[in-house]
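Whatever order the structure lists them in is the order used to number ligands and atoms, beginning at 1. Computed from heavy atoms alone, side chains included, the values below leave out hydrogens, waters and symmetry copies.
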Amino acid sequence: MTKRVRKAVLPVAGLGTRVLPGAKTTPKNMLNVVDRPILSYIVEEARAAGIEHFVFIVGRGQNAIEDYFDSSPEIEQALEAKKKTSILEEVRRDLPQPGEMSFIRQMAPLGLGHAVWCARDVIGDEPFAVMLPDMLMATERPALAQAVDAYEKVGGNIVVVEPAPEGEAHKYGIVALDGQDGRLNRMTGMVEKPAPGTEPSNLFISGRYILQPEIFNILETQERGAGGEIQLTDGMANLMAKQDFHALEYEGVTYDCGDKIGLLRANVAFALRRPDLADAARQAIQELL
Ligand code: UTP
């Protein structure tokens with residue numbers, strides 16, 4: 001019997017240099033895709049996978065995130081008085097139950113591995129999800145739910161992957177597989193940004209993981225890796241010597257909202273997926289072209 005995945009770590013403490021100056025006063029993951037902050041989509045995806053507790057790893061100047069997931073009496077009362085009930089529902093839909101969210105300060109952005117390690121006490125001794133909140137996934141079945149399905153089948157650790165665009169595998173973290181049969185395959189390794197021509201597969205790590213708590217002991221003493229940062233990939237590679245890892249090629253498309261064009265593509269793609277906006281969005285795009 002595998003232990004249920006109940007908690008998710010959402011590291012948002014990075015500097016967001018690729019989307020500055022927008023990310024200077026608005027945390028990157030609070031930038032809008034259509035009419036909601038990116039984090040709203042991520043929390044919705046996590047809930048659909050059965051997540052009950054959200055652990056945000058935040059940095060200085062990111063109080064807007066806590067405020068977004070709190071009630072806003074002035075706005076709510078004004079909407080109530082004006083009987084704007086559908087907008088009121090939209091404003092309230094992301095509100096958590098009291099006690100469902102924790103916010104941990106990373107204090108210095110020392111890397112994704114360090115950010116995840118900051119969650120150790122809140123996670124405790126159970127498997128947990130990691131969601132990179134700048135990776136937005138357009139899917140039928142939510143991406144994290146697909147990862148949980150895979151975890152319930154094979155246990156251990158799961159890394160969600162996706163085929164890289166032709167000729168671009170060297171830009172990403174790429175997995176090595178022990179044979180490829182269907183969408184769920186045992187991993188034998190992973191490599192950050194392999195030199196062109198040396199990629200062990202074309203599958204990149206796309207920002208959703210299910211990890212066992214033993215990763216925390218490894219991250220605790222880990223040296224800095226690429227870019228002088230404590231890398232989650234290095235920690236996972238180390239854990240792989242002792243535990244099973246499977247790569248799940250999920251069904252869907254990832255938009256990297258931490259990148260200018262990725263954020264633009266996400267806005268267009270998510271507007272086109274919205275029944276209430278698709279026609280108007282299509283017309284606007286055609287006019288611009
Ligand atoms: P990224 O490297 O994509 O985010 O990290 P970044 O550092 O904000 O982006 P750039 O390169 O400066 O534009 C992936 C995720 O991990 C978080 C980031 O906030 C992002 O959601 N992260 C990264 C942390 O929480 N802490 C860190 O020390 C590093």
Side-chain angles (χ1 to χ4, degrees), residues 7-33 37-43 45-46 51 54-66 68-69 101-120 122-123 128-137 143-144 159-162 164 168 171-174 190 192-193 204-211 215-216 218-220 222-236 254-266:
K7 299 178 186 172
V9 178
L10 290 79
V12 293
L15 296 178
T17 20
R18 287 167 295 150
V19 284
L20 279 171
K24 190 171 142 191
T25 48
T26 303
K28 162 170 89 169
N29 301 289
M30 291 301 292
L31 297 173
N32 262 12
V33 165
I38 298 162
L39 270 181
S40 162
Y41 296 89
I42 305 292
V43 166
E45 179 190 330
I51 296 299
F54 302 83
V55 187
F56 291 89
I57 311 300
V58 294
R60 274 180 297 287
Q62 296 193 324
N63 296 344
I65 298 173
E66 267 181 84
Y68 181 79
F69 291 106
M101 289 186 170
S102 302
F103 295 84
I104 298 176
R105 283 277 181 119
Q106 191 186 3
M107 298 173 76
L110 298 181
L112 178 58
H114 181 263
V116 170
W117 176 73
C118 289
R120 64 201 179 281
V122 179
I123 298 297
F128 63 102
V130 174
M131 304 174 80
L132 300 195
D134 38 7
M135 301 303 239
L136 200 53
M137 291 162 169
L144 190 64
V159 178
V160 171
V161 298
E162 176 175 350
E168 291 194 10
K171 294 185 183 166
Y172 300 94
I174 299 290
M190 60 196 117
E192 265 308 320
K193 301 188 179 61
F204 76 93
I205 301 176
S206 51
R208 302 290 182 270
Y209 314 78
I210 291 177
L211 298 174
I215 192 82
F216 293 125
I218 292 172
L219 293 173
E220 175 135 16
Q222 192 173 295
E223 306 272 314
R224 292 175 185 232
E229 295 194 344
I230 298 175
Q231 297 285 352
L232 181 62
T233 327
D234 295 343
M236 293 193 299
T254 302
Y255 296 93
D256 180 359
C257 298
D259 167 86
K260 293 179 224 324
I261 297 298
L263 183 60
L264 177 66
R265 285 171 65 94

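Residue M190 holds its CE atom at 4.0 Å from CE of M236, rounded to the nearest 0.5 Å. The line from CD1 of I42 to CG of L144 is 10.0 Å long, rounded to the nearest 0.5 Å. The distance from the SG atom of C257 to the NZ atom of K28 is 9.5 Å, given to the nearest 0.5 Å. Rounding to the nearest 0.5 Å gives a distance of 5.0 Å between CG of L110 and CZ of R224. Here CG of N29 is found 8.5 Å from CG of L10. Values are rounded to the nearest 0.5 Å. A distance of 7.5 Å separates CD1 of I205 from CD1 of I174, quoted to the nearest 0.5 Å.
Residue L132 places no N or O, backbone or side chain, under 3.5 Å from any N or O of ligand 1. Considering backbone and side-chain atoms together, G16 places an N or O closer than 3.5 Å to an N or O of ligand 1. Checked by distance only, ligand 1 and G258 stay at 3.5 Å or farther apart across all their nitrogen or oxygen atoms.
Remark: ligand 1 atoms within the under-4.0 Å shell around heavy atoms of P133 are 21 (O). Listed by number with element, the atoms of ligand 1 under 4.0 angstrom from any heavy atom of D134 are 3 (O), 20 (C), 21 (O). Counting the atoms of ligand 1 from 1 in the order shown, those under 4.0 Å from a heavy atom of Q106 are 24 (C), 25 (O), 26 (N), 27 (C), 28 (O). Close approach to L15 involves these atoms of ligand 1, each under 4.0 Å from a residue heavy atom: 7 (O), 8 (O). Those atoms of ligand 1 that come under 4.0 Å of a heavy atom in L110, given as number and element, are 28 (O). Counting the atoms of ligand 1 from 1 in the order shown, those under 4.0 Å from a heavy atom of P109 are 28 (O). Proximity to A115 (heavy-atom distance under 4.0 Å) selects the following atoms of ligand 1: 24 (C), 25 (O), 26 (N).
Looking at H114 against ligand 1, nothing comes within 4.0 Å, counting heavy atoms. Heavy atoms of V19 found under 4.0 angstrom from ligand 1: none, in either backbone or side chain. With a heavy-atom cut-off of 4.0 Å, T17 touches ligand 1 through backbone and side chain alike.
Sparse packing is recorded around CD1 of I261, with 12 or fewer heavy atoms of other residues, nucleotides or ligands lying under 6.0 Å away. Within a 6.0 Å sphere centred on CZ of R120, other residues, nucleotides and ligands contribute more than 12 heavy atoms.
With hydrogens and angles ignored, the 3.5 Å screen pairs a side-chain donor or acceptor of K260 with a backbone N or O of R18. In this structure a side-chain-to-backbone donor-acceptor pair under 3.5 Å is present from Q222 to Q231. Side chain of R105 to backbone of V58: no donor-acceptor contact under 3.5 angstrom is found. Between the E66 side chain and the F103 main chain, no donor and acceptor come within less than 3.5 Å of each other.
The single protein non-hydrogen atom nearest to atom 21 (O) of ligand 1 is P11 O, 2.9 Å, given as residue, atom name and distance. The closest protein non-hydrogen atom to atom 11 (O) of ligand 1 is R18 NE, 3.3 Å. For atom 16 (O) of ligand 1, the closest heavy atom belonging to the protein is L112 CD1, 3.6 Å. The protein non-hydrogen atom at the shortest distance from atom 23 (C) of ligand 1 is G14 CA, 4.0 Å. Given atom 9 (O) of ligand 1, the protein heavy atom at minimum distance is K28 NZ, 3.3 Å. The protein heavy atom nearest to atom 28 (O) of ligand 1 is G111 N, 2.7 Å. When hydrogens are left out, the protein atom nearest atom 25 (O) of ligand 1 is A13 N, 2.8 Å; that is the closest non-hydrogen contact.
Electrostatic pairing of R208 and E45 counts as a salt bridge here, judged by a charged N lying under 4.0 Å from a carboxylate O.
Using a 4.0 Å threshold on non-hydrogen atoms, atom 5 (O) of ligand 1 does not count as touching the protein.
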